[in-house]
Amino acid sequence: TQGSQASVIGPDPTEARTLVSAVNLPAVRSSLVVSTEATPSNLVCATRTPPAKKAVGAKRAGAKAVKAMERVSDAYVLSPEDATMFRALSARGNFLSQDRADIQFATKELCREFAVPNQNSYNRLKRCGRYLVGQPRLVHDYKFGQGISQKDCFDIYVDTDFAGCKESRRSTSGGVCLLDGSNIKQWSKTQTTLALSSGEAELHGIAAGIAQGLGLQSIARDLGFSIGVRLHSDATAALGICRRRGLGKIRHLDVADLWCQEKARSGAVSLHKVLGSENPADIMTKYTDAKTLVKMLGLMNMLSLIHI
């Protein structure tokens with residue numbers, strides 16, 4: 001609703017231009033574009049002032065500084081009160097990341113440390129909070145009123161950071177689903193098994209991307225739309241595994257391998273190579289610098305605004 005009256009959002013003069021809800025803020029920027037973003041109230045909750053403590057080893061600039069905080073350490077374990085605050089703020093950030101692809105990986109890493117958060121965990125939380133204060137708005141742009149054609153497909157971009165966790169050496173799978181160039185779903189997940197090679201990690205990431213694409217395709221079919229699935233990856237070896245027939249010398253990957261091959265042969269999914277520098281899923285698997293982050297957000301029709 002807008003105010004106390006029910007409204008319809010749209011480009012006509014009699015229709016509302018902005019609707020306020022508990023989840024996000026949709027708005028019509030023009031007759032061809034609809035924009036949506038996370039509500040400022042969620043942002044305020046996510047950037048509440050944590051308990052005042054001196055940061056140990058925290059730096060303000062560069063993604064490498066955050067990566068250095070991942071060193072295994074049980075020193076400086078937070079007190080029970082501070083640990084509770086850490087979990088509460090990290091959980092709020094994780095909720096906010098559903099509408100903020102730029103903090104998806106960062107909040108996922110914070111939530112992995114719920115069991116025994118330490119000072120390094122707290123420093124990473126502070127960096128995430130500072131980023132949200134400096135970049136409070138991230139707007140999703142969607143083309144308005146174009147409809148779905150037979151040529152439209154879900155473009156699934158997947159990427160994997162092999163053995164990226166310095167503590168467990170588990171890999172991270174990330175992905176983005178675009179429809180008509182706009183982001184409709186993103187994910188960043190730590191793989192449950194230890195990958196023995198980058199090809200194995202990338203294969204698990206492709207399998208996860210295919211599963212996500214087929215799930216969205218099923219939802220679209222229930223709504224009466226027939227939409228294909230195209231999967232894009234920068235992993236040449238993993239794409240080669242999915243396109244061939246049989247297991248070859250990777251029999252320990254038989255289930256995921258054969259399932260991906262079957263989906264590719266049946267035409268349920270088409271596989272495509274994409275350059276790593278043009279893969280928006282890159283920001284879902286690792287910390288990146290500001291230039292790369294802005295570029296990848298632009299590939300998803302997402303615009304970062306400074307002021308609320």
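What you are looking at is a predicted structure, and each value in this text was computed from that prediction instead of being measured.
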Measure the shortest side-chain to side-chain distance between [X] and [Y] over non-hydrogen atoms and say whether it is less than 4.5 angstrom.
X: I184; Y: Y142; answer: yes
X: K185; Y: F154; answer: no
X: I283; Y: D102; answer: no
X: S304; Y: V294; answer: no
X: R100; Y: T107; answer: no
X: E81; Y: M85; answer: no
X: T160; Y: H204; answer: no
X: T190; Y: C165; answer: no

Taking the side chain from K108 and the backbone from M284, do they hold a donor-acceptor pair closer than 3.5 Å? no

Measure from the side-chain N and O atoms of T84 to the backbone N and O of P80, and report whether any donor-acceptor pair falls under 3.5 Å. yes

When you compare the side chains of D155 and H232, does any donor N or O come within less than 3.5 Å of an acceptor on the partner? yes

Check the side chains of D161 and T285 for a donor-acceptor pair under 3.5 angstrom, ignoring hydrogens and angles. no

Would you name the heavy atoms of [X] and [Y] that are closest together and state the gap between them?
X: S173; Y: Q191; answer: OG-NE2, 2.7 Å
X: P117; Y: A83; answer: CG-CB, 3.7 Å
X: S90; Y: L110; answer: OG-CB, 3.8 Å

Is a salt bridge present between E262 and R265, judged by a nitrogen-to-oxygen distance below 4.0 Å? no

Flag the pair F86 / Y122 as yes when their ring centroid distance falls below 6.0 Å, and as no otherwise. no

